[in-house]
Amino acid sequence: MGGSRPPDNAYEGSAAGRLDVPSETKAVIGRGTWMDKVAHDVLVRERGLGRSLSMVRVESGLGASGIPHVGNLSDCVRAFGIKLALEVQGVRSEHIAFTDDMDGLRKVPAGLPDSVDLTKYIGHPVSRIPDPFSCHDSYGGHMGFLLLDAMDKLGVEYVHESATENYRRNRFARQVRAILARSEEIGAKIRELTGQEKYEEALPFFPICAECGRIYTTKAVSYDARTDGVGYRCEGAELRGRRLEGCGYEGEAKVTSGEGKMSWKVEFAARWSALDIRYEAYGKELADSVRINDWVSDEILGFPHPYHVKWELLLDRSGKKISKSEGGLVTPQTWFRYGTKESLVLLMFKRIVGARKVSIEEIPKYMDEFDWLEDVYHGKARVDSEGKLVKLKGLYEYVTYLKPPAAPSQHVPFRLLAELAGVAPKDAWQDYVVARLKAYRAISEPTPGLLLRIEMARNWATTAGGRPAPVKLTAEQRAAVDDLAGRLAAADSADYIQNQIFEVGRAHGMQPSEFFRLLYAILLGSEKGPRLGPYLYDMGVETAVKALSRKG
RNA sequence: GGGCCUGUAGCUCAGCCAGGUAGAGCAGUCGGCUCUUAACCGACUGGUCAUGGGUUCGAAUCCCACCAGGCCCGCCA
């Protein structure tokens with residue numbers, strides 16, 4: 001494959017990430033989703049390159065420098081989706097999840113336990129920093145675990161690799177030697193492609209300082225091919241606008257024994273080559289790094305770079321990039337409190353192009369959309385065209401990892417569940433919701449799956465929806481509410497309470513609708529709510545009186 | 001300096017990645033469910049798909065240009 005030119009020269013800025021389909025293919029590829037399209041394009045390209053298709057590996061990267069959020073996870077889940085799509089096309093495939101745990105800690109994220117003073121570990125490889133949660137062998141181990149745990153919960157298959165392990169076992173020996181031997185050429189190329197001048201001076205390798213243990217403060221200045229040694233000085237660096245002073249140590253690190261790592265500008269290429277990766281997606285913030293890595297892979301390592309898809313970053317609800325170091329991020333673990341795994345996988349599989357806003361508020365939408373997809377798949381919901389039907393069925397099949405259940409589950413709109421669960425009496429919310437659903441004839445008996453959803457809906461409604469703020473009442477309103485509270489003591493049925501509300505309202509010169517709004521404001525913090533008679537009755541007379549008597 | 005995303009009904013958005021008669025929810029209007037909020041049911045109203053070109057039998061969708069808002073890169077990994 002030496003001189004063969006890859007069909008898409010991503011480092012020239014052309015086709016990377018685009019989904020052009022050859023115009024002659026009108027037939028549906030695979031199951032008709034973007035993943036099938038990508039898998040198809042990967043295979044077309046691989047055939048053009050003449051590479052073996054006995055195993056087509058895809059890779060995703062796992063950041064280990066902070067609490068992983070949904071955006072980090074989506075790269076892994078989508079890579080798994082591509083693996084499934086490749087298998088649909090009849091080739092064997094494997095998903096490598098690669099943890100970047102040799103990376104240095106750049107900033108202490110907010111919201112971590114203070115059992116470890118992390119500020120003194122700034123610049124250290126995260127696999128050599130103690131775990132502030134004290135449950136894993138290192139900081140990086142903990143963060144990596146959170147991602148692997150989320151994948152396990154989602155049922156995503158992967159083969160885990162860690163940077164630390166790979167360097168220790170000297171898995172990149174051939175690549176690192178080839179890169180360092182031609183570092184001058186690479187430095188010039190980096191400057192040409194990105195304007196970054198740094199690697200005209202320094203080698204693209206970061207030794208871990210033998211003296212102070214930090215990795216980003218060192219500058220590699222020489223390479224001896226006979227000894228595999230890199231000479232370096234610990235001279236400090238700019239990290240996120242702040243100066244990190246070096247310790248001044250000068251020494252030599254072996255590139256073959258885990259005493260340092262390559263810069264990201266060349267490390268991806270080394271990984272692709274060493275692990276034989278044929279596909280890897282990337283976020284747009286890495287576009288420049290990927291262009292250089294493609295060139296390094298092709299020209300320095302003689303390994304035609306993997307096919308790429310570029311995804312837009314996931315955004316928070318205000319449209320900003322999700323940041324690990326700021327609060328309010330949606331972790332996979334948070335999502336699972338409010339939504340099913342299918343809802344999260346749907347979010348990730350639905351589209352690859354375009355930005356996605358990710359926030360807790362969106363969860364009901366994905367819950368309901370999954371149910372709808374399930375109905376479409378099982379022929380219980382109509383779709384306008386045959387083409388759309390094929391694609392939607394395909395999407396459903398991928399969300400269920402190509403093992404769709406024989407029959408749809410019990411469907412109740414999630415917002416209805418949330419509404420009911422949110423207003424339900426605190427000590428009997430599940431019974432209350434189930435009783436209401438039966439009354440609405442939404443269900444006859446709840447399945448375990450539905451009970452789980454009710455719990456998620458309650459979490460969603462009580463946490464994400466917020467609690468009612470105290471209401472300020474006029475003297476007249478207070479009198480009316482107190483009057484009602486007084487009459488509740490004698491209540492022996494839901495209907496009685498319902499009727500009393502009307503009577504009390506009128507007795508105090510209010511329109512019924514006005515009085516109802518007032519009561520909803522006091523009880524629920526909203527203008528609307530469930531039928532009040534049964535609600536107050538279910539709540540229990542004493543509790544109801546207490547709730548109504550609460551002073552604003 | 002380079003690149004990306006977003007712009008569709010009053011509001012929030014879907015549809016765009018593989019072109020085939022513009023959609024949903026909410027809001028509004030009218031009606032039904034015998035006082036009633038919720039829920040539900042029926043109907044109605046509402047969009048030159050930011051703008052201008054191009055390709056096509058056919059464009060919200062593909063291409064080019066342009067306007068507006070936002071983001072990423074040009075420290076670093």
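Remember, it's a predicted structure, so these values are computed and weren't measured experimentally.
Rounded to whole Å, the separation between the C1' atoms of rC33(B) and rA38(B) comes to 13 Å. When the P atom is used for both rC67(B) and rG19(B), the distance is 29 Å, rounded to whole Å. If you take atom P in rU34(B) and the same atom in rG47(B), they sit 36 Å apart, rounded to whole Å. When the C1' atom is used for both rU8(B) and rU48(B), the distance is 12 Å, rounded to whole Å. Between rC63(B) and rU6(B), the distance separating the two P atoms is 12 Å to the nearest Å.
In this structure, Gln500(A) places its CD atom 17 Å from C1' of rU37(B), rounding to the nearest Å. In this entry the distance linking OH of Tyr366(A) with P of rC13(B) reads 11 Å, nearest Å. Atom pair Trp311(A):CH2 and rC71(B):P shows a separation of 18 Å (rounding to whole Å applied). With rounding to whole Å, Trp34(A) atom CH2 is found 19 Å from rU61(B) atom C1'. Atom-to-atom, OH of Tyr216(A) to P of rC75(B) comes out at 16 Å; the value is rounded to the nearest Å. The nearest whole Å value for the distance from the CD atom in Glu369(A) to the P atom in rA24(B) is 16 Å. Rounded to whole Å, atom C1' of rC73(B) lies 12 Å from atom OH of Tyr282(A). Between Leu395(A) atom CG and rC17(B) atom C1' the separation is 13 Å, expressed in whole Å.
Tyr199(A) comes within 4.0 angstrom of the backbone, heavy atoms only, and of no base. Within 4.0 Å (heavy atoms only), Thr33(A) reaches at least one base atom of the nucleic acid. Within the nucleic acid shown, Gly104(A) has no heavy atom closer than 4.0 Å to any nucleic acid atom. Using a 4.0 Å heavy-atom cutoff across all strands shown, Lys265(A) reaches no nucleic acid atom at all.
Closest approach to the Glu285(A) side chain among rC73(B), rC13(B), rC17(B) is made by rC73(B) (side chain taken as heavy atoms from C-beta onward). Closest to the side chain of Gln196(A), from the set rC17(B), rC75(B), rC13(B), is rC75(B). Here the nucleotide nearest the side chain of Asp36(A), chosen from rC76(B), rA18(B), rC73(B), is rA18(B).
With sequence neighbours left out, the salt bridge (Lys or Arg N to Asp or Glu O under 4.0 Å) criterion links Glu259(A) to no other residue. Not a single side chain to side chain donor-acceptor pair (under 3.5 Å) links Lys198(A) to another residue, sequence neighbours left out. Judged as a ring pair (Phe, Tyr, Trp, His ring centres under 6.0 Å), and not counting sequence neighbours, Phe414(A) has no contacts. Legend: residues meeting side chain to side chain donor-acceptor pair (under 3.5 Å) with Asp368(A), ordered by chain and number and at least two apart, are absent. Judged as a side chain to side chain donor-acceptor pair (under 3.5 Å), and not counting sequence neighbours, the contacts of Glu161(A) are Asn166(A), Arg171(A). Qualifying side-chain contact (heavy atoms from CB on, under 4.5 Å) partners for Arg31(A), counting only residues two or more places apart in sequence or in other chains: Asp36(A), Val88(A), Glu397(A), Tyr398(A), Leu402(A). In terms of the salt bridge (Lys or Arg N to Asp or Glu O under 4.0 Å) criterion, Lys391(A) has no residue partners (sequence neighbours excluded).
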Between protein and nucleic acid, restricted to nucleotides 1-4 of chain B and to nitrogen or oxygen atoms under 3.5 Å apart, what atom pairs and distances do you find?
from	atom 1	to	atom 2	distance (Å)
rC4(B)	O2'	Glu312(A)	OE1	2.4
rC4(B)	O2	Lys284(A)	NZ	3.1

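For Trp34(A) and His40(A), the ring centers sit 6.0 Å or farther from each other. Here the two rings, on Tyr396(A) and Phe370(A), have centers that are under 6.0 Å apart. Ring centroids of Phe172(A) and Tyr167(A) are separated by less than 6.0 Å, placing the two rings close together.
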Could you summarise the pairing of RNA chain B as dot-bracket text, marking Watson-Crick and G-U pairs under 3.5 Å with ( ) or [ ] inside the strand and | across strands? ((((((((.[[[[.)....(..]]]].(((((.......)))))......[[[[..)....]]]].)))))))....
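Applying the 4.0 Å criterion to OP1 and OP2 of rC75(B), one finds that Arg243(A) has every side-chain N and O outside that range. Between rG74(B) and Lys198(A), no contact under 4.0 Å exists linking OP1 or OP2 to a side-chain N or O.
Side-chain atoms of Arg106(A) and base atoms of rC76(B) include a donor and an acceptor less than 3.5 Å apart.
In this structure, a donor-acceptor pair under 3.5 Å is absent between the side chains of Glu280(A) and His308(A).
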